[in-house]
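Note that this is a predicted model, so its numbers are computed, not measured.
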Amino acid sequence: MKRFFFVLLALLLAAPAAWSREVYDIGRGWKFYTVDRRDSAWVDLPHTWNTADAAVGRRDYYRGAGNYFRYLEAPAAWRGKRVFIRFYGAGTVADLMVNGRHAGEHRGGNNAFEFEITRLLDYGGKNLLWVVVNNAVRLDVLPTAGEDNVYGGLFREVEIVVTEPAAIGFDGYGGCGVRFTAERVDSLCASGVASVAVNIPEGRPVQLDLSIRDARDSVVFAGHSKYRAPTGVSVAELPFEVERPHLWQGTEDPYLYTVTVALADGPRTDSVTFRTGLRAFSADAVQGFFLNGKRYPLRGVVVWRDRAGSGPVCGVRELRRDVELIREMGANAVRVAGGTHHPAFYDLCDEEGIVVLADGPFAGVATLDERGYFATPEFRRNAAQQFRELVHQRYNHPSVLFWGIFAEPKLLGDDPIPFIREMNGIVKLLDPVRLTVGVSSQDGEVNRITDLVVWNHAFGWKTGMPADIAIWRDQLHRDPVWNTVRSAVSYRAGGEAGQYAAQLSRPDPVRGRHPENWQAYVHEVHLAALARDGAFWGVFVGDMFDHGSARVQPATLRGVSDCGLVTYDRQVRKDAYWLYKANWNATEPFLHIVSARDGVRCDSVQTVTVYTNLSVAELYLDGVSLGTRTAGDGVMRWEGVTLRPGDNPLRVCSIVARDDDYLTVEDAAVLTFRPEGRL
């Protein structure tokens with residue numbers, strides 16, 4: 001092998017079985033109370049204290065300190081080992097005391113972090129863990145602006161990790177301790193380097209072993225190296241090479257390998273194992289996005305990180321349901337907005353082949369009384385730490401192809417451009433392979449910093465009319481300055497499931513009613529304008545799900561941003577969801593009658609709209625055929641449908657050939673005509 005690394009398969013196969021550390025979940029049995037003791041209870045983690053106020057739109061939801069207490073028994077057998085505690089999310093500043101002594105502080109509510117508590121424990125006895133979590137407003141902890149709620153609490157899992165003295169990782173960035181970089185990837189060979197954080201109390205030689213296994217558990221690469229580790233944390237680079245790799249090809253073929261890195265310090269060992277994929281990608285200002293040399297249009301959605309009833313607290317079951325809804329609609333990409341999601345979400349994206357744009361912590365201004373950027377050393381230090389944590393923790397996920405450096409930075413007051421350049425440089429230094437992205441709705445120099453730009457628009461929602469998206473598109477392509485920018489597009493519009501407007505007009509985005517049929521109309525216009533434009537490397541529809549935002553006060557859903565295609569509780573797919581399924585999912589035939597949730601009509605003459613991925617369908621009114629229609633961009637319309645007073649049953653159907661047989665696909669609804677108006 002090249003460099004100092006060579007294959008030694010026999011050694012790995014003969015290695016002892018105990019290549020592992022001990023990991024213990026300590027989520028059960030915590031005593032919780034806030035500073036004023038208005039909330040006091042025994043809780044299990046994950047936990048947040050704001051599901052009853054922030055989630056229902058209270059602008060004065062609790063922003064302060066919460067205390068978590070728990071006893072930890074440290075067995076005598078742990079003497080001579082190292083003990084770490086890892087938190088996967090705490091909002092937003094967390095301090096840990098062990099037996100009354102301060103173990104560490106972490107600032108930032110998005111990422112995982114860990115503290116070593118080896119010297120603070122009473123081995124063979126009980127140890128008091130006390131965590132103070134504070135979600136109060138801080139001007140030196142990002143993000144300092146944004147539309148999502150700051151829930152607070154230990155809202156993700158907590159665990160104890162016990163290792164031998166020589167360990168992998170625990171380098172201050174919360175990752176697994178290995179960054180697996182495929183520098184060259186094609187159908188013949190994938191090669192690169194695994195950068196391993198070696199953490200050792202006293203410097204000495206150690207042995208490092210690397211194995212890569214395919215989906216059949218066959219070893220496709222194995223090797224080892226001696227490494228003279230200095231005291232503390234250092235990085236060893238281990239080259240690898242996989243011949244004729246099976247590439248990770250998005251939703252078409254999300255193939256994963258299993259990587260194990262082991263460290264041997266005499267008879268004592270440590271190891272980490274993770275799954276990853278091998279892929280190459282690029283984006284072009286004219287031809288769009290490519291995955292492994294194939295053109296691969298990204299049809300994406302924007303995902304926030306909370307849900308009705310539990311805020312940011314979720315488990316694998318809930319996350320799997322979210323991913324199922326995304327894939328059912330036909331999307332193959334997501335932008336995770338506002339910060340880092342639960343680790344399991346990225347695992348699921350790896351498995352399903354969903355490409356991820358992972359936002360960093362820097363968000364712009366949502367209201368005039370906020371600032372997204374403060375030109376202080378503390379702000380910059382915290383931003384740099386959070387960006388490093390983001391990259392280290394999500395580095396090995398093949399689904400993550402883009403790092404989001406900024407989102408809607410408002411150029412008010414201090415100039416954030418030098419800061420953005422600095423953060424972009426930090427991320428590029430850590431990861432020169434992936435592409436950096438800025439989410440922007442403004443002109444100017446800020447759009448020239450990152451590799452790519454996502455243009456974020458609100459035509460027909462916060463400004464202008466839906467048709468303005470086509471005007472903007474044509475202007476972008478004609479402009480000799482901006483048509484060289486590698487661009488994607490994002491857009492959104494609110495809509496509450498079941499609200500219907502007889503006359504379409506742009507609603508107030510903050511207050512008032514948000515008719516579901518206006519939301520669907522906005523998406524129809526945008527989809528038609530962008531669907532066949534191959535110059536954009538991606539489209540990110542905002543949002544996939546409604547999310548909590550206490551600053552939003554619409555007429556009925558207080559505290560909920562209703563721009564999702566699916567409701568906050570994941571129970572209702574809004575009409576616009578079916579529009580995208582009609583255009584993005586060709587494998588599951590369906591018909592969906594639009595605006596049927598609120599079926600009361602005051603006008604006798606109606607237009608019936610159907611979203612479908614079928615080419616032709618027939619509509620029946622009270623059993624009488626109104627003829628067939630063919631679909632354009634997934635939309636069929638029957639105009640001039642006359643209703644009689646009372647209930648009017650509608651049925652739309654189509655016959656589909658399937659596996660030497662025929663399948664009837666249909667949908668039904670009832671429109672109630674009340675000449676006297678709504679009761």
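Using a distance-only test at 3.5 Å, with no hydrogens or angles considered, a donor-acceptor pair links the side chain of Arg63 to the main chain of Asn135. No side-chain donor-acceptor contact under 3.5 Å links Asp633 to the backbone of Ala528. A donor-acceptor pair is defined here as one N or O able to donate and one able to accept, closer than 3.5 Å; such a pair exists between the side chain of Ser487 and the backbone of Val485. Checked by atom type and distance alone, the side chain of Asn456 never pairs as donor or acceptor with a backbone atom of Val439 at under 3.5 Å. Looking at Thr436, its side chain never comes within 3.5 Å of a backbone N or O of Thr450 through a donor-acceptor pair. Looking only at distances, a side-chain donor or acceptor of Gln519 sits under 3.5 Å from a matching main-chain atom of Gly564. Panel note: side chain Arg473, backbone Ala529; a donor-acceptor pair is recorded below 3.5 Å. In this structure, the side chain of Asn332 does not engage the main chain of Leu298 through any donor-acceptor pair within 3.5 Å. Judged purely by atom type and a 3.5 angstrom limit, Tyr373 has no side-chain atom pairing as donor or acceptor with the backbone of Ile420. Under the 3.5 Å distance criterion, the side-chain polar atoms of Glu516 are matched with a main-chain donor or acceptor of Asp575.
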- Message: Go through it in stages, so that I can follow the logic: the residues are Arg486 and Phe289, the test is side-chain contact (heavy atoms from CB on, under 4.5 Å), and I'd like the CA-CA distance, side-chain angles, deciding distance and then a yes or no.
- Response: CA-CA 9 Å; Arg486 292 181 285 178; Phe289 185 75; over 6 Å; no
- Message: Before you tell me yes or no, could you show the steps for Asp306 and His547 under side chain to side chain donor-acceptor pair (under 3.5 Å), namely the whole-Å CA-CA distance, both residues' side-chain angles and the distance that decides it to 0.1 Å?
- Response: CA-CA 6 Å; Asp306 65 348; His547 71 276; 5.6 Å; no
- Message: Applying ring pair (Phe, Tyr, Trp, His ring centres under 6.0 Å) to His523 and Trp578, what does each step give before you reach the verdict?
- Response: CA-CA 11 Å; His523 283 282; Trp578 299 97; over 10 Å; no
- Item | Stepwise side-chain contact (heavy atoms from CB on, under 4.5 Å) test for Arg179 and Asp431 | CA-CA 9 Å; Arg179 284 181 291 137; Asp431 185 359; over 6 Å; no
- Taking it one step at a time, do Asn50 and Asn149 satisfy side-chain contact (heavy atoms from CB on, under 4.5 Å)? CA-CA 9 Å; Asn50 264 322; Asn149 294 327; over 6 Å; no
- For the pair His526 and Val489, evaluate side-chain contact (heavy atoms from CB on, under 4.5 Å) and give the outcome as yes or no after the intermediate values. CA-CA 10 Å; His526 280 70; Val489 187; 6.0 Å; no
- Message: Is there a salt bridge (Lys or Arg N to Asp or Glu O under 4.0 Å) between Asp451 and Lys428? Walk through the geometry before answering.
- Response: CA-CA 10 Å; Asp451 298 319; Lys428 296 296 286 185; 2.8 Å; yes
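The minimum heavy-atom distance between Ala333 and Phe540, with the atom names listed, is CB-CE2, 4.1 Å. Between Gly464 and Asp468, the shortest heavy-atom distance links the atoms CA-OD2, 3.3 Å.
Atom CZ in Arg570 sits 8.5 Å away from atom CG in Leu325 (nearest 0.5 Å). For the atom pair CZ of Phe419 and CD1 of Ile405, the computed distance is 9.5 Å after rounding to the nearest 0.5 Å. The structure places CG of Asn110 at 9.5 Å from OG1 of Thr92, a figure rounded to the nearest 0.5 Å. Atoms OG and CG, from Ser561 and Asp543 in turn, are 5.5 Å apart once rounded to the nearest 0.5 Å. Note: Arg381 CZ to Thr376 OG1 = 8.0 Å, rounded to the nearest 0.5 Å. Between the OG1 atom in Thr251 and the CD1 atom in Ile354 there is a gap of 8.5 Å [rounded to 0.5 Å].
In this structure, Phe155 has its ring center at least 6.0 angstrom away from the ring center of His342. For an aromatic pair to be called close, the ring centres must be under 6.0 Å apart, and Phe402 with Trp537 satisfies this.
Residues Glu378 and Asn382 bring no donor and acceptor atom of their side chains to less than 3.5 Å of each other. Counted by atom type alone, Glu524 and Tyr611 present one or more donor-acceptor pairs between their side chains at under 3.5 Å. A donor and an acceptor atom, one from each side chain of Asn396 and Thr276, are nowhere located under 3.5 Å apart. If you check the side chains of Asn447 and Ser440, you find a donor sitting under 3.5 Å from an acceptor. Side-chain atoms of Asp546 and Thr567 include no donor-acceptor pair closer than 3.5 Å.
A perpendicular orientation is assigned to the rings of Phe379 and Phe362, their planes being inclined by more than 60° (bins at 30° and 60°). Taking the six-membered ring where tryptophan is involved, the planes of Tyr346 and His341 are perpendicular, since the angle between them exceeds 60° and thus also 30°. Using bins of under 30°, 30° to 60° and over 60° for the plane-to-plane angle, the ring pair His457/Trp472 lands in the perpendicular bin.
Residues passing the ring-ring contact (aromatic ring centres under 6.0 Å, His included) test with Trp248, sequence neighbours excluded: none.
By the 6.0 Å and 45° rule, Arg434 stacks over the aromatic ring of Tyr395. In this structure, Arg597 is not positioned above the aromatic face of Tyr500 in the sense of NZ or CZ being under 6.0 Å from the six-membered ring centre and within 45° of the axis.
Salt-bridge formation is not detected for the pair Arg371/Asp414: no Lys NZ or Arg NE/NH1/NH2 atom is positioned less than 4.0 Å from an Asp or Glu carboxylate oxygen. A salt bridge is absent between Glu496 and Arg513; no separation between the charged side-chain nitrogens and carboxylate oxygens falls under 4.0 Å. Using a 4.0 Å cut-off between charged nitrogen and carboxylate oxygen, Arg492 and Glu147 count as a salt-bridge pair. By the 4.0 Å N-to-carboxylate-O rule, Arg388 lies too far from Asp171 to be salt-bridged with it. Ion pairing of Arg307 with Asp322 is present here, as a side-chain N (NZ or NE/NH1/NH2) and a carboxylate O approach within less than 4.0 Å. No salt bridge links Lys462 with Glu408; every basic N to acidic carboxylate O contact stays at or beyond 4.0 Å.
Each of Val334, Asp347, Val303, Leu348 was checked for a side chain to side chain contact (heavy atoms under 4.5 Å, CB included) with Val323, and the lone residue meeting it is Leu348.
In this structure, the side chains of Tyr521 and Arg506 stay at 4.5 Å or more apart for every pair of heavy atoms. Proximity of Trp518 to Pro466: side-chain heavy atoms (C-beta onward) are separated by under 4.5 Å at one or more points. Under the 4.5 Å side-chain criterion, counting only non-hydrogen atoms from C-beta, Tyr580 is not in contact with Val539. Contact annotation: the side chain of Phe345 never approaches that of Arg305 to less than 4.5 Å [non-hydrogen atoms, C-beta and beyond]. A heavy-atom distance below 4.5 Å is found between the side chains of Arg156 and Pro343. Looking at Lys294 and Gln249, their side chains come closer than 4.5 Å, going by heavy atoms from C-beta outward. Glu328 places a side-chain heavy atom less than 4.5 Å from the side chain of Tyr577. With contacts defined as side-chain heavy-atom distances shorter than 4.5 Å, the pair Phe387/Leu430 does not qualify.
Here salt bridge (Lys or Arg N to Asp or Glu O under 4.0 Å) pairs that include residues 435-450, with residues two or more places apart or in two chains, are Arg421-Glu445. Sorted by first then second residue, the side chain to side chain donor-acceptor pair (under 3.5 Å) pairs that include residues 279-288, not counting sequence neighbours, number zero.
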